[in-house]
Amino acid sequence: VLPFPSQVVYNRVGKCGSRTVVLLLRILSEKHGFNLVTSDIHNKTRLTKNEQMELIKNISTAEQPYLFTRHVHFLNFSRFGGDQPVYINIIRDPVSRFLSNYFFRRFGDWRGEQNHMIRTPNMRQEERYLDINVCILENYPECSNPRLFYIIPYFCGQHPRCREPGEWALERAKLNVNENFLLVGILEELEDVLLLLERFLPHYFKDVLSIYKNP
């Protein structure tokens, strides 16, 4: 068990089980009395310098203990004079993530969406119902560049080079994981990840595994 951290950031990677974890966090925040700070912004992961400063300022002034969660690439709080929080995240096999995103773009999910048109309303019908095997084998743009690099910038950060697939971004991401992340879990081993979170951050995640298993 670590000394009690009062600032935790979960900069969640898209299509890596974050919806499940956020639902758990809502229950846990009521149970354990920490401040769950969520964001309604889901499609802006790259920020300008001013946007970074503003977001870090807003996070840092939240009532502690807090857990902040948003789809956003790694933010270096210390660069702007803030206290560096404890980071956690969950990733998954990049091909599985691509498959999940392929169908999510077309049909949404269970989140109160009455029909799939809400998810990508301007998508043509022939594109919406395109068989993924045809998409891959015939090199459609969406499937010939399946953004397997997508996960790396969440750990590399906001530097422009973090957006360029290559060794530099990968090495910087690994460095940030080692220096700033308490835990990077794997969705394929979610129960073990939850157990580790419960052990490492009991003030936030105590009983999370039993809640997750409860129908």
Side-chain angles (χ1 to χ4, degrees), residues 1-42 45 52 55-93 96-97 100 109-111 151-157 172-215:
V1 176
L2 299 178
F4 176 52
S6 59
Q7 303 169 85
V8 177
V9 171
Y10 171 32
N11 65 319
R12 50 197 177 116
V13 181
K15 313 319 301 168
C16 290
S18 62
R19 183 76 53 77
T20 299
V21 177
V22 169
L23 286 171
L24 289 168
L25 284 169
R26 286 182 181 143
I27 298 170
L28 291 165
S29 65
E30 293 185 9
K31 184 178 177 67
H32 301 316
F34 63 85
N35 182 19
L36 177 62
V37 184
T38 60
S39 173
D40 294 328
I41 301 172
H42 303 295
T45 57
Q52 292 177 58
L55 181 56
I56 287 172
K57 178 183 176 183
N58 290 340
I59 297 171
S60 299
T61 55
E63 182 183 351
Q64 299 184 23
Y66 70 72
L67 191 151
F68 173 79
T69 178
R70 173 179 163 176
H71 293 299
V72 65
H73 295 165
F74 174 78
L75 293 162
N76 189 339
F77 281 59
S78 57
R79 180 189 174 201
F80 299 102
D83 294 330
Q84 194 70 3
V86 169
Y87 269 88
I88 59 173
N89 217 322
I90 298 175
I91 60 175
R92 74 190 294 186
D93 178 273
S96 296
R97 203 212 70 84
S100 175
D109 59 14
W110 54 266
R111 185 179 45 174
I151 292 172
I152 302 297
Y154 280 86
F155 302 95
C156 180
R172 186 176 176 122
K174 287 159 67 175
L175 183 68
N176 277 333
V177 167
N178 285 331
E179 293 185 350
N180 294 296
F181 282 79
L182 171 65
L183 177 90
V184 178
I186 301 171
L187 183 61
E188 290 81 358
E189 300 173 1
L190 182 58
E191 289 195 11
D192 286 343
V193 174
L194 295 178
L195 181 61
L196 283 169
L197 286 169
E198 187 171 350
R199 297 284 172 85
F200 286 155
L201 299 171
H203 295 83
Y204 296 89
F205 287 97
K206 185 174 173 20
D207 300 323
V208 66
L209 196 57
S210 60
I211 293 169
Y212 172 71
K213 290 182 174 181
N214 188 326

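On a predicted model such as this, the values are computed, not experimentally measured, just so you know.
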Rounded distance [0.5 Å steps], CD1 in I90 versus OH in Y10: 4.5 Å
Give me the one residue out of V8, L36, I59 that meets side chain to side chain contact (heavy atoms under 4.5 Å, CB included) with Y66. I59
Could you state the interatomic distance from NZ (K15) to OG (S96), rounded to the nearest 0.5 Å? 13.0 Å
Has S29 got a side-chain atom pairing as donor or acceptor with R26's backbone, closer than 3.5 angstrom? yes
Could you walk me through whether N176 and N76 satisfy the side-chain contact (heavy atoms from CB on, under 4.5 Å) test, starting with their C-alpha distance in whole Å, then the side-chain angles of each, then the deciding distance to 0.1 Å, before giving a yes or no? CA-CA 9 Å; N176 277 333; N76 189 339; 6.0 Å; no
So, for L75 and Q84, which heavy atoms are closest and what is the spacing to 0.1 Å? O-NE2, 3.7 Å
Is any side-chain heavy atom of V193 closer than 4.5 Å to one of V21? no
Roughly how far, to the nearest 0.5 Å, is CD of Q52 from NZ of K57? 15.5 Å
Who are the salt bridge (charged side-chain N to carboxylate O under 4.0 Å, His left out) partners of K174, not counting sequence neighbours? E171
Could you pull out the closest heavy-atom pair between V86 and P5, with the gap in Å? CG2-CB, 3.7 Å
Closest non-hydrogen atom pair between F200 and L183, with its separation: CE1-CD1, 4.3 Å
Would you confirm whether R12, through its side chain, and T69, through its main-chain N or O, come within 3.5 Å as a donor-acceptor pair? no
For N89 and F181, the nearest pair of non-hydrogen atoms, with its separation, is CB-CE2, 4.0 Å
Parallel, tilted or perpendicular: which fits the ring planes of Y87 and F77, with parallel below 30° and perpendicular above 60°? perpendicular
Is the side chain of R70 donor-acceptor paired with the backbone N or O of V9 at a distance under 3.5 Å, no angle test? no
Are the side chains of P65 and F4 in touch, meaning some heavy atoms are under 4.5 Å apart? yes
Do any pairs count as a ring-ring contact (aromatic ring centres under 6.0 Å, His included) and have a residue in residues 16-41, sequence neighbours left out, and if so which ones? F34-Y204
Is the ring pair Y154/H73 parallel, tilted or perpendicular, if the boundaries are 30 and 60 degrees? perpendicular
Taking only residues two or more places apart in sequence, or in another chain, which ones meet Q64 in a side-chain hydrogen bond (donor to acceptor under 3.5 Å, both in side chains)? S6
Do you know the tightest heavy-atom contact between L24 and I211? CD2-CG2, 3.7 Å
Ignoring hydrogens, what is the shortest heavy-atom contact between S39 and H42? Give both atom names and the distance. O-CE1, 3.6 Å
L201 vs I88, side-chain contact (heavy atoms from CB on, under 4.5 Å): CA-CA, chis, key distance, verdict: CA-CA 10 Å; L201 299 171; I88 59 173; 4.1 Å; yes
N180 side, atom CG; N178 side, atom CG - distance, nearest 0.5 Å: 9.5 Å
Tell me, do F205 and L25 make a side-chain contact under 4.5 Å, heavy atoms counted? yes
One should read off an interatomic distance between L28 CG and L23 CG, to the nearest 0.5 angstrom, of 11.0 Å
Value rounded to 0.5 Å, distance of OG in S18 from CG in N11: 10.5 Å
Residue D83 excluded, over 12 heavy atoms near CG under 6.0 Å: no
In sequence, state the C-alpha distance, the side-chain angles, and the governing distance for K213 and L209, and then conclude on side-chain contact (heavy atoms from CB on, under 4.5 Å). CA-CA 6 Å; K213 290 182 174 181; L209 196 57; 4.1 Å; yes
Heavy atoms, side chains only, cut-off 4.5 Å: are I151 and R97 in contact? yes
Could you check whether any side-chain N or O of E188 sits under 3.5 Å from a backbone N or O of D93, counting only pairs where one atom can act as donor and the other as acceptor? yes
